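As structure tokens, the structure follows; a few thoughts come after it.
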Amino acid sequence: MESELKAPIRVRFAPSPTGYPHLGNIRTALFNWLFARHHKGKFILRIEDTDVARRVEGAVETILDSLLWLGLEWDEGPYLQSQRLHLYLDVSTRLLEEGHAYTCYCSPERLETMRQEQIKRKQPPGYDGHCRHLTQGEKTRLEKSGIAPVVRFKTPLAGETSFHDLIRGQITFKNITLSDFILLKSDGYPTYHLANIVDDHLMNISHVLRADEWLSSTPLHALLYQALDWQPPQFAHLPMILGPDKSKLSKRHGATTLTEYREQGYLPEAMVNFLALLGWSLDDKTELLSRDQLVEHFSLERIGKSGAIFNRTKLEWMNGVYLRRLGAAEFAQRATPFLDRDLPSSARRPLDLAYVRQVTSLLQERSRTLAEIPQLADFFFLDAIDYDAGLLLGKEMNAESAANALQAAVTELGRARTWDASSLEGILRPLAATLNLSTRNFFGLLRAATTGRTAAPPLFQTMAVLGQQKCLQRLAAALQKLPAVQQ
RNA sequence: GCCCUCAUCGUCUAGAGGCCUAGGACGCCAGCCUUUCAAGCUGGAGAUCAGGGGUUCGACUCCCCUUGGGGGCACCA
């Protein structure tokens, strides 16, 4: 039961536009969104664009686009940190004035050699405090020489810093292992550490749900809150999503950005369901949950601690489930853009939507992603099909009996007045008997002749959709191919 | 190297001391259904709960150590 007296729940998703959001980022966004919706709180979007050098064109748009595709609507923002620079500067100044921070004039070169030596001596790399005790005179001199300083936080040299994590419990770091990190860069932009806590404070963020990789920098943030005498939010570090080799997900693991999944024909509702189950579970058996059910049941208590390998095969299964659950019209509508995109150029455009609808109804329970529909369906849209003549012959068949059967089929089908699945069955099933062929062989022959493949939707329905004229044409073409078959 | 952290079937996970001879899902195998392929249904293989010590009448569950994995240690987030 949530107490009415508690501060309102306010969470944020704070990506940096240095790349396109990958599954891990999006899973973090999803958990934040679920948490906010479950508690009837606010979900805030904040763009952490304080790294001018690494900014990627179009990244912000892709982030917004990804969230909207999944239906993760935000209540406030997007706030851009690059437009709030004065706020960070104010806090930095205050920290300086109150003696919690100092200006540092060390050159990148000096820092680099320092680091190398520390590594060589097998010491933990970190700032050595060189500028910590500079006199006012020295500072003025360095300032005059044109060096733009950075501002560093004065990390306590002794003692320890601990904080409570909602998922992992109490976590403690010895301050000696923490170094004087940078708050403000020489270009006047804040680092993540500064901007992050200033904004979380100013935006009244109640809970910080972020990936595990931030755990190590949380003591820095805790120290900052202490120095500023601000109430820190509650922290919950989420387990990470891993690649098949158990390492942090990255480009080299293949498709990792959300938009790639959209292009590969996954449904947003399946992605939401699947992503939610990476690190969270409802119970010992539930796998399929709608967005509303997720909102209803989501809780931090049921988030696990260990990283999860992203299992694409299971996603495919789940996507198939969602695909099959769609209404036929909906399925056709969602499949159309993929057909349009991937069908061979020889297929007539624009696509005949009524025809598409008939085709997709045969494919709905056979596809796991929308992107595989075009390959499953191409023969429906092409005038001529190309295939190996060997596909025509079943096990107990030779070219002669196949020719005989095809000829008989052409004759009977040519006479047909109605052309639907049941009348076709009414013609072809008895014909198999007459020809003394197993349905397996006879229908297999017709399938290969009409579709050019051995695996396709049910024969009669397929033929019905193809139409009488096209079927007869293809049957005749198969008859021509037959002599070429190697026995 | 140092710091933090995690550890149940191949993978995602259930398990909050006795309900566990460890449950579910994906995948895999087999059977059924069947004109092929799927889908569906049924069944099966698959985890000495990383290893070792404790605590306890009793440990997958609590504690310690070891091992292994992951993350962090930037004028990146």
Side-chain angles (χ1 to χ4, degrees), chain A residues 14-19 48-51 53-54 104 106-108 111-112 115 118-127 148-152 165 168 171-174 176-179 181-187 189 191-193 195-196 211-219 237 239-240 242 244 246-248 274 277-288 301-302 304-318 320-321 324 363-368 376 394 425 428-429 432 438-448 451 453-460 462:
Chain A
S16 78
T18 51
E48 312 225 320
D49 55 348
T50 54
D51 185 343
R54 292 200 314 150
C104 166
C106 292
S107 67
L111 295 176
E112 187 50 37
R115 236 187 315 272
Q118 286 167 332
I119 290 169
K120 202 184 296 174
R121 283 185 311 225
K122 296 194 188 297
Q123 284 177 342
Y127 186 60
V150 300
V151 176
R152 286 186 185 272
D165 184 277
R168 286 154 213 285
I171 295 174
T172 304
F173 287 74
K174 291 184 189 65
I176 195 77
T177 65
L178 275 19
S179 77
F181 58 99
I182 293 176
L183 297 170
L184 209 61
K185 302 182 246 183
S186 57
D187 63 1
Y189 277 73
T191 58
Y192 171 84
H193 305 301
N196 171 62
D212 212 16
E213 55 190 322
W214 295 109
L215 200 56
S216 319
S217 46
T218 306
H237 288 90
M240 306 224 291
L242 281 19
K246 288 178 180 281
S247 71
K248 194 169 153 180
F274 186 74
L277 257 23
L278 245 32
W280 177 87
S281 65
L282 173 60
D283 54 28
D284 60 343
K285 48 181 71 71
T286 312
E287 303 282 341
L288 300 167
E301 290 71 44
R302 295 204 59 86
K305 294 179 178 176
S306 46
I309 295 175
F310 181 76
N311 180 194
R312 201 198 176 94
T313 315
K314 185 164 179 177
L315 201 217
E316 251 172 48
W317 160 77
M318 190 173 281
V321 171
R324 272 171 253 124
L363 264 19
Q364 185 164 6
E365 63 179 38
R366 296 179 165 70
S367 43
R368 292 162 89 84
L376 292 173
E425 181 163 15
L428 296 172
R429 212 174 270 285
S438 64
T439 49
R440 184 183 191 86
N441 277 281
F442 184 48
F443 295 167
L445 168 66
L446 297 178
R447 176 175 304 107
T451 69
R453 46 181 83 189
T454 54
L459 182 65
F460 311 128
T462 300

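Bear in mind the structure is a predicted one, so any value in this text is a computation, not a measurement. Just so it is clear: chains get the letters A, B, ... in the order the sequence lines come, proteins before strands, and each one is counted from 1.
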| task | Report, as yes or no, whether the 6.0 Å neighbourhood of atom CZ on Arg440(A) holds more than 12 heavy atoms from other residues, nucleotides or ligands. | result | no
| message | Distance check, P atoms only: G23(B) and A30(B), in whole angstrom units. | response | 24 Å
| field | Phe274(A)-Phe310(A) aromatic ring centre distance below 6.0 Å | value | yes
| Pairing partner of C37(B) (Watson-Crick or G-U wobble, both distances under 3.5 Å) | none
| query | When rounded to the nearest Å, what value does the distance between P atoms of C9(B) and A22(B) take? | reply | 14 Å
| P atoms of U66(B) and U5(B), separation to the nearest Å | 15 Å
| said: I'd like the 5' and 3' limits of the part of RNA chain B contacted by chain A, with heavy-atom contacts below 4.0 Å. | reply: G1(B) to A77(B)
| request: Scan Ser217(A) against the nucleic acid and name what it touches under 4.0 Å (heavy atoms): base, sugar-phosphate only, or nothing. | output: nothing
| message | Pairing check on A16(B): which nucleotide meets the Watson-Crick or G-U wobble criteria with it, both distances under 3.5 Å? | response | none
| Ion pair check, Arg168(A) and Asp212(A), cut-off under 4.0 Å | yes
| field | Euclidean distance for P, G43(B) against G58(B) (whole angstrom) | value | 38 Å
| message | Any strand counts, and the cut-off is 3.5 Å on both contacts for Watson-Crick or G-U wobble. Which nucleotide pairs with C73(B)? | response | G1(B)
| field | C1' gap between U13(B) and C75(B), integer Å | value | 43 Å
| Gap in Å between the two P atoms, one belonging to G46(B) and one to C57(B), rounded | 36 Å
| Gap in Å between the two C1' atoms, one belonging to U42(B) and one to A47(B), rounded | 24 Å
| said: A cation-pi test, strictly: NZ or CZ of Arg152(A) under 6.0 Å from the centre of the six-membered ring of Tyr127(A) and no more than 45 degrees from its axis. Yes or no? | reply: yes
| Can you check side chain to side chain contact (heavy atoms under 4.5 Å, CB included) on Ser367(A) and Leu376(A), steps first, answer last? | CA-CA 8 Å; Ser367(A) 43; Leu376(A) 292 173; 4.2 Å; yes
| task | Could you check whether Arg453(A) gets within reach of a base, just the sugar-phosphate, or nothing at all, counting any heavy atom under 4.0 Å? | result | nothing
| Touch class at under 4.0 angstrom, heavy-atom based, for Ala308(A) against every strand present | sugar-phosphate
| message | Apply side chain to side chain contact (heavy atoms under 4.5 Å, CB included) to residues Phe442(A) and Leu428(A) and explain how you reach the verdict. | response | CA-CA 9 Å; Phe442(A) 184 48; Leu428(A) 296 172; 4.2 Å; yes
| said: In whole Å, measure the gap between the C1' atoms of G69(B) and U11(B) for me. | reply: 16 Å
| Reckon Ile171(A) touches a base, only the sugar-phosphate, or nothing at all at heavy-atom distances under 4.0 Å? | sugar-phosphate
| message | Can you tell me the base-pairing partner of A7(B)? Count Watson-Crick or G-U wobble geometry only, both distances below 3.5 Å, and say none if there is no partner. | response | U67(B)
| note | C60(B) -> Watson-Crick or G-U wobble partner, both distances under 3.5 Å, gives none
| Got a sec, which residues hit salt bridge (Lys or Arg N to Asp or Glu O under 4.0 Å) with Arg368(A), two or more places apart in sequence or on another chain? | Glu316(A)
